[in-house]
Each structure stands twice: as C-alpha cells, then as structure tokens.
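All values reported here derive from a predicted model rather than from experimental measurement. Every number for a ligand or one of its atoms is a count from 1 in the order of the listing.
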Amino acid sequence: MIPDFEVTILGNTSSIPVHGRHHTAQVVRFGQDFLLLDCGEAMQLQARAYKVKVSKISNIFISHLHGDHYYGLIGLLSSYSLGKRTTPLTIYGPKGLDDIITTNFRYSNTKFPYPLNFVETHDDGLNLLLETSRYQVFSFPLKHRLPTTGFLVKEKHGLRSMIKEKLLQNEVPLAAIQSLRQGEDYKDEQGKVYKVKTYTYPLPPLRSYAYCSDTIYNPELKQYIKNADLLYHESTFMEDNLERAAVTYHSTAKQAAEIAKMSQVKKLLLGHFSSRYVHLEPLLEEAKTIFENSILSEEGSIYAL
Ligand SMILES: [Zn+2]
C-alpha cells in the first residue's frame, strides 16, 4: 500500500502577519506520522482552524532562529505540558534553540511530562536527521542572514506487492515470498530460482518534498532538491525588489522559479510572502514566466505528493 504523503500549509507570510496570513508553519503527513516544519506564532490556532491534530506531531524541524519561524514553539510545548502529553517529542534546530527553550521553561518552572529531545542541525551539507522504514528527513544548507537549513522529506521503498496470478499458478514457498517482497531473488534447496521481476509488481516511483524556508537566490541548492515532486521555495519579493531581496537574503518569485526549473522539480509552491503584497497573483504570474507549474501556497490547503 502506498502511504499518504501530503503537506498542509498553516502559515505562509514573512515578517509581519497581515492580510489574513500567518507566520511560517507547515505539517507534513507521511502515513500516520506528522512532522512540523517551522512553528510561527499562530501555529496552534491555525492547526485548530484546519483540523490538524497537533498532539500527533512527533518531530519538529526549525529552519532558523528568526522569530517568524519559531515564536509559536514555546506556546506549543506549553500546551503539550498542559495536555499531559506523554509521547516523546524531538526538536531539530540550530544551535541556541535548546538554550532558548530551556531558559523559558526554567523561569516558568514548567516540568515536561513527556520526553523532549533536542537535535542540533548544521548548515554544512546534506545531513540525515530522521529515518523510519518508509522515509528519511535530511537538512541541507540555505544561504540566509543566520545559520539556516532547508529540509528534504524523502520516501523509501516499502515491501513489494506480490502478483496474485503468479502465486496461484506456481507454488511459492513462504521464505521465497518474504525474500521477494524485500526485493531479493530467492533460490530454494532444489536450486529453483524465484525472480523478483517475475513475482512482484514494479515499485512505484519514490516521492520527495523539499522545503526552502528563507534563502537568497542560490543555484547550489540544486544538488539537494533535484527532481523533488514538490518544492516549497520562499518568494518574499518580486523582481522590482530584487536589490532588497539580495540585501535581506531573500528571493523573488522569479528566482524561486529559476531554482525550480534548474532543479527539475515537478511543482513549485510559493510562500513566505512579504507583507507589502496584499494580492499575490502578480507573484504567481512572475514565477510562471519561468516555471509554468508554479502555485501560490494557501493557508489551510493540503498539497498531496
Ligand atoms: Zn529569516
């Protein structure tokens, strides 16, 4: 069975939350697993509005320490304490985040009823942060004003499905089935060989989601996000603010589209919009001049991979 793999956008704005938009936060669901990517200040309310169960989140990934990407985290951890959460939680983020959390809760004398782990991220290449039987989460470096990482969620192959007709036509020992499902040919004691390609369906293509929160235009990103099914890339500005984008280490919609094109991703999801834009259609139009399969992220929308 192919697990669901989808992204729910809870917030997609930069700097000041205006025009009904909220600070960055998104939930990636892979099967029964819920991952939170960044946690802007209204994350809990947004999750409630869009019926995302925050109690199911097991791993939180923070891209960098600008407030619009993590000021919702202290509130979320507090709510977990009040809600008597007992399941473990792991936070992945840059150096300093564990200090910030510890200091906050030391002064509020809060005790966590759940195990809370912290894993420091590093902006020095592709780093594996989390691995399950069906997917991996990597961090990769982004170029911004602070140490910043993007995240790549990559599907892994599960067990292969057997072709039922072949099982009915031939007697296949259980040990062979176990081996074939794992993608390995099997040879029985009489020397009879059972081939994977004969007895199992071909594997579906593996899906991947790349998240680039805040970054200056950086073609080097290509090596990390190549062929992603869905790329979320910040597009804080439009080309008329090209200089401002460079000074603040952000990207324009056109630059995001150029990264999508050179990385040969299937779809580009634009986000992290500046508060100066009330209407976002012009950003989409700008991106589409370079990369046709671009869409504007919408809060509350779910994007399936
Ligand atoms: Zn930032």
| Which residue pairs satisfy the side-chain hydrogen bond (donor to acceptor under 3.5 Å, both in side chains) criterion with at least one member in residues 15-39, sequence neighbours excluded? | Asp4-Arg29, Glu6-Arg29, His22-Gln46, His22-Glu299, Gln26-Tyr209, Asp33-Tyr135, Asp38-Ser63, Asp38-His69, Asp38-Tyr211

| Can you list the residues that meet the salt bridge (Lys or Arg N to Asp or Glu O under 4.0 Å) rule with Lys195, with sequence neighbours excluded? | Asp185

| field | Least distance between heavy atoms, Leu65 atom then Pro94 atom | value | CG-CG, 3.9 Å

| note | Cluster membership besides Leu168, Ile/Leu/Val/Met/Phe/Trp/Tyr side chains within less than 4.5 angstrom, sorted by chain and number, is none

| message | Tell me whether the NZ or CZ atom of Arg85 lies within the 45° cone about the ring axis of Tyr80 and under 6.0 Å from its centre. | response | yes

| message | Both conditions, 6.0 Å and 45 degrees, for the charged tip of Arg145 above the ring of Tyr249: are they met here? | response | no

| query | What are the protein N, O or S atoms, given as residue plus atom name, that sit under 2.8 Å from the Zn ion (ligand 1)? | reply | His64 NE2, His66 ND1, His144 NE2, Asp214 OD2

